[in-house]
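Here the structure is laid out as structure tokens; the discussion comes afterwards.
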Amino acid sequence: MPETGDFKSEFLRNFVKRGHYYDCTDRDGLDGLLRKERVTAYIGFDCTAPSLHVGHAMQIMTLRRLQQAGHRPIVVMGGGTTKVGDPSFRNEARPLLSEEEIAANKQAILKSFRNFLTFGDGPGDAIMVDNAEWLDKLEYIPFLREIGRHFAIGRMLSMESVRAKLDYDLPFSFLEFNYSIMQAYDFLELYRRYGCRLQSSGSDQWGNIVSGIDLARRVENVQLFGLTTPLITTSSGAKMGKTAAGAVWLNPEMRSPYDYWQFWRNTEDADVGRFLRIFTDVADDEIARLEKLQGADLNEAKKILATEATAICHGRKAAEDAAETARRTFEEGVTAAGLPVVEMDWSAGDISGERGFRERSAAAILKGSGLATSLSDARRKIAEGAVRINDASISDPEKLYRASDAQPETGALKVQYGKKKIVLVKPV
RNA sequence: GGGGGAGUGUCCCGAGUGGCAAAGGGGGCGGACUGUAAAUCCGCUGCGUCAGCUUCGUUGGUUCGAGUCCAACCUCCCCCA
């Protein structure tokens, strides 16, 4: 990690202290600018999925910190760049998304930002733009003449993301090669439109950020700045939020606030302090106190981390509901109504055959709960003894339940896979 | 354009002799131990009313039988132009 130096601006001092800082293209320059005026800064987000995931949370928090320090954040939706596709650090050219998919993804992603940032027309309010606004309109020859001539092939080839492709003989088309130019052009365009002076992102975007700064210097003779954050991994080395089992989505339709809370609650001991600093607004001295806790006492800190991080993403109410549901479930051992509920059609015979009216096998229920992906999967999990229904351990996948087995408090069957995954299955 | 090589269980990497639901990793999930932690050990990781069914880039073909042989096509890589 590069030198952090002694920053004088409130924003950068805090940025370092909170663990967001990785590198900066011009430390003194940016530090001075931030002290002098309200700075407009942006981060771009591609629309490759219908939701952002916790891996993006670091970036969104950067914008939040900027806003807290009185600066103006711009969220740039990559409606245009996603059509090109970021080649960085991917082994394959990912299949091109259709324009419809990109548009749908963008619409779904927009909502995620509402709780992290305050949008509006005021001087420090966040704004959101889509780079398709200008990228879609580009004309090839004029663009090459105005912008393309400033890009030296030699230097582009030396960029880390490009070199990796070339060095390992990975597929790499001219289309992807242009991604970096598009991103550089974004920075220039944002400067022209909004006076944006700063681009932030993860450290993997360094090359693209620098390209934008160079371009703006040549074209507009202006000094722009870049600021990067470290790639977040857990202490065990795993990349955050992108497990094979499924990303930790920020969108509540794709991952409920309760499950989001659980994700943070299960943080490794060694990460608690670091995550509190990055992903919550908890005061520094309070974090200092929390991370000193030892052994099981550290669980208190994890609950605060979970609630605070969830509150920023899903709102205070949802976070406290999730905390309360977890408390009742795991500390009191009762069936809490706030657990995820899945409705299941019990109106006809057993879905897997005429086994009996309005009865469902344990395996079918487990599949219906979403905790198993198929009946085979459900049977396997039940046979392993990992499943409980209504708090009773079961081993027979064919054991039958009827709608009247629903627990009166919730009107649902309590289906549990493993120790932590609980879903209420409501017969409909 | 010419020559050579490669595409395996849809998370990734990767063995594979004509009899294979297909070795082995990693990752993930579950169990034990704990503190809803880490580490460690064990198990699971295509679908199915367990008879079977469908997987090895795509489509045809040879064969009792093909991931394995043949042909064409698609994609990628390397060398030559």
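In what follows, every heavy atom counts, from backbone to side chain, and hydrogens, waters and symmetry copies are set aside. In the text below, chain A, chain B and the rest are named by the order of the sequence lines, each starting its count at 1.
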Item to complete: Just grab all the salt bridge (Lys or Arg N to Asp or Glu O under 4.0 Å) pairs involving residues 45-66 of chain A, residues at least two apart or on different chains.
Response: A/Arg64-A/Asp281, A/Arg65-A/Asp281
Discussion item. Test your reading of the model: is there a side-chain donor-acceptor pair from A/Lys302 to the backbone of A/Thr267, 3.5 Å cut-off?
Written reply: yes
Worksheet item: Considering residues at least two apart in sequence or located in another chain, which fulfil the side-chain contact (heavy atoms from CB on, under 4.5 Å) criterion with A/Asn390?
Response: A/Asp405, A/Gln407, A/Leu413, A/Lys414
Discussion item. Heavy atoms only, 4.0 Å cut-off, all strands: where does A/Ser376 land among base, sugar-phosphate and nothing?
Written reply: base
Item to complete: Using a 4.0 Å heavy-atom cut-off across all strands, classify A/Gly418 as base, sugar-phosphate, or nothing.
Response: sugar-phosphate
Item to complete: Can you tell me which residue pairs pass the salt bridge (Lys or Arg N to Asp or Glu O under 4.0 Å) test with a partner in residues 130-154 of chain A, sequence neighbours excluded?
Response: A/Lys83-A/Asp136, A/Lys106-A/Asp130, A/Glu133-A/Arg193, A/Glu146-A/Arg192
Discussion item. Work out how far the C1' atom of B/G26 is from that of B/C76, and round it to whole angstrom.
Written reply: 24 Å
Worksheet entry | P atoms of B/A37 and B/C29, separation to the nearest Å | 12 Å
Discussion item. List the residues meeting side chain to side chain donor-acceptor pair (under 3.5 Å) with A/Thr229, not counting sequence neighbours, and say none if there are none.
Written reply: A/Gln59
Discussion item. Only pairs with both distances under 3.5 Å count, Watson-Crick or wobble alike; so what is the partner of B/U75 in this structure?
Written reply: B/A6
Item to complete: Can you tell me, in whole Å, how much space there is between the C1' of B/C53 and that of B/G57?
Response: 23 Å
Fill in: Residue pairs passing the ring-ring contact (aromatic ring centres under 6.0 Å, His included) test where at least one lies in residues 370-395 of chain A, sequence neighbours excluded
none
Fill in: Inter-nucleotide P distance (B/U36, B/C42), Å rounded
25 Å
Item to complete: May I have the distance from A/Arg388 (atom CZ) to B/G30 (atom C1'), rounded to whole angstrom?
Response: 14 Å
Worksheet item: Rounded to whole angstrom units, what separation is found between the CG atom of A/Leu293 and the P atom of B/G35?
Response: 16 Å
Item to complete: Output yes when at least one side-chain N/O atom of A/Ser374 is less than 4.0 Å from OP1 or OP2 of B/G48, else no.
Response: yes
Worksheet item: Does A/Trp261 or A/Ala386 map to a spot on RNA chain B nearer the 5' end, using the closest nucleotide for each?
Response: A/Ala386
Discussion item. Say we look at B/A6 and B/C20: how far apart would their C1' atoms be, to the nearest angstrom?
Written reply: 22 Å
Worksheet entry | Smallest separation among heavy atoms of A/Trp261 and A/Thr310, with atom names | CA-OG1, 3.3 Å
Worksheet, complete the sentence: Atom CG of A/Leu366 and atom C1' of B/C47 are separated, to the nearest Å, by 16 Å
Worksheet item: Is a donor-acceptor contact shorter than 3.5 angstrom present between the side chain of A/Asp297 and the base of B/G35?
Response: no
Discussion item. For a quick check, with a 4.0 angstrom heavy-atom cut-off, what is the B/S/- contact string for nucleotides 51-56 of chain B, read 5' to 3'?
Written reply: ------
Worksheet item: Angle class for the A/Phe275/A/Phe279 ring planes (parallel below 30°, perpendicular above 60°, tilted otherwise)?
Response: perpendicular
Practice prompt. Kindly label the base of B/C50 as syn or anti, based on whether its glycosidic torsion lies within 90° of 0.
Written response: anti
Worksheet item: Quick one: A/Phe263 CZ to B/U36 P, roughly how many Å, whole number?
Response: 18 Å
Item to complete: Pick the P atom in B/G19 and in B/C64, then give their distance to the nearest Å.
Response: 16 Å
Item to complete: Scan every strand shown for a Watson-Crick or G-U wobble partner of B/A15, both distances under 3.5 Å, and answer none if you come up empty.
Response: none
Worksheet item: With both distances under 3.5 angstrom, what nucleotide forms a Watson-Crick or G-U wobble pair with B/U63?
Response: none
Item to complete: Kindly confirm or rule out a cation-pi arrangement of A/Arg360 over A/Trp346, judged by NZ or CZ under 6.0 Å from the six-membered ring centre and within 45° of its axis?
Response: yes
Discussion item. Reading RNA chain B from 5' onward, which residue's closest nucleotide shows up sooner: A/Lys381 or A/Thr267?
Written reply: A/Lys381
Practice prompt. Check step by step if side chain to side chain contact (heavy atoms under 4.5 Å, CB included) holds for A/Phe113 and A/Ile60.
Written response: CA-CA 8 Å; A/Phe113 291 94; A/Ile60 306 175; 3.8 Å; yes
Worksheet, complete the sentence: Separation of B/A37 atom C1' from A/Arg274 atom CZ, nearest Å, is 15 Å
Discussion item. Need one value for A/Lys421: base, sugar-phosphate or nothing, where a base atom within 4.0 Å counts as base even if backbone is also close, heavy atoms only.
Written reply: sugar-phosphate
Worksheet entry | Which nucleotide in B/U36, B/G35, B/G48 has an atom nearest any side-chain atom of A/Ala296 | B/G35
Worksheet entry | By salt bridge (Lys or Arg N to Asp or Glu O under 4.0 Å) - contacts of A/Arg277 (at least two apart) | A/Glu291
Worksheet entry | Counterpart base for B/C29, defined by Watson-Crick or G-U wobble contacts under 3.5 Å | B/G43
Fill in: Watson-Crick/G-U partner (both atom distances under 3.5 Å) of B/G48
none
Worksheet item: Counting only distance, no hydrogens or angles, is the base of B/U34 paired donor-acceptor with the side chain of A/Lys419 under 3.5 Å?
Response: yes
Would you tabulate the nitrogen or oxygen pairs shorter than 3.5 Å linking the protein to nucleotides 42-45 of chain B?
residue : atom : partner  : partner atom : Å
B/C44   : O4'  : A/Glu384 : OE2          : 2.9
B/C44   : O2'  : A/Glu384 : OE2          : 3.2

Discussion item. Please report the distance, rounded to the nearest Å, between CG in A/Leu375 and C1' in B/G46.
Written reply: 14 Å
Discussion item. Just to verify, what does A/His71 make a ring-ring contact (aromatic ring centres under 6.0 Å, His included) with, not counting sequence neighbours?
Written reply: none
Worksheet entry | Gap in Å between the two P atoms, one belonging to B/A22 and one to B/U55, rounded | 16 Å
Worksheet item: Which nucleotide in the list B/A37, B/G48, B/G30 gets nearest to the side chain of A/Lys302?
Response: B/A37
Worksheet item: Between B/C29, B/C47, B/A37, which one does the side chain of A/Tyr417 approach most closely?
Response: B/C29
Discussion item. Using a 4.0 Å cut-off on heavy atoms, which residues in residues 305-343 of chain A reach RNA chain B? List them by number, or say none.
Written reply: A/Ala326, A/Phe330
Discussion item. Strictly by ring-ring contact (aromatic ring centres under 6.0 Å, His included), give each pair with a member in residues 374-416 of chain A just once, sequence neighbours left out.
Written reply: none
Worksheet item: Starting at CG of A/Asp377 and ending at P of B/G46, how long is that distance when rounded to a whole Å?
Response: 9 Å
Fill in: Same-atom distance (C1') from B/C50 to B/A21, integer angstrom
14 Å
Worksheet item: Can we say A/Arg289 and A/Glu286 salt-bridge, meaning some charged N sits less than 4.0 Å from an Asp/Glu carboxylate O?
Response: yes
Fill in: Between C1' of B/G35 and CG of A/Asn299, the distance in whole Å
5 Å
Practice prompt. Scan for side-chain hydrogen bond (donor to acceptor under 3.5 Å, both in side chains) pairs involving residues 313-323 of chain A, sequence neighbours excluded, and state none if there are none.
Written response: A/Glu308-A/Arg316, A/Lys317-A/Asp321
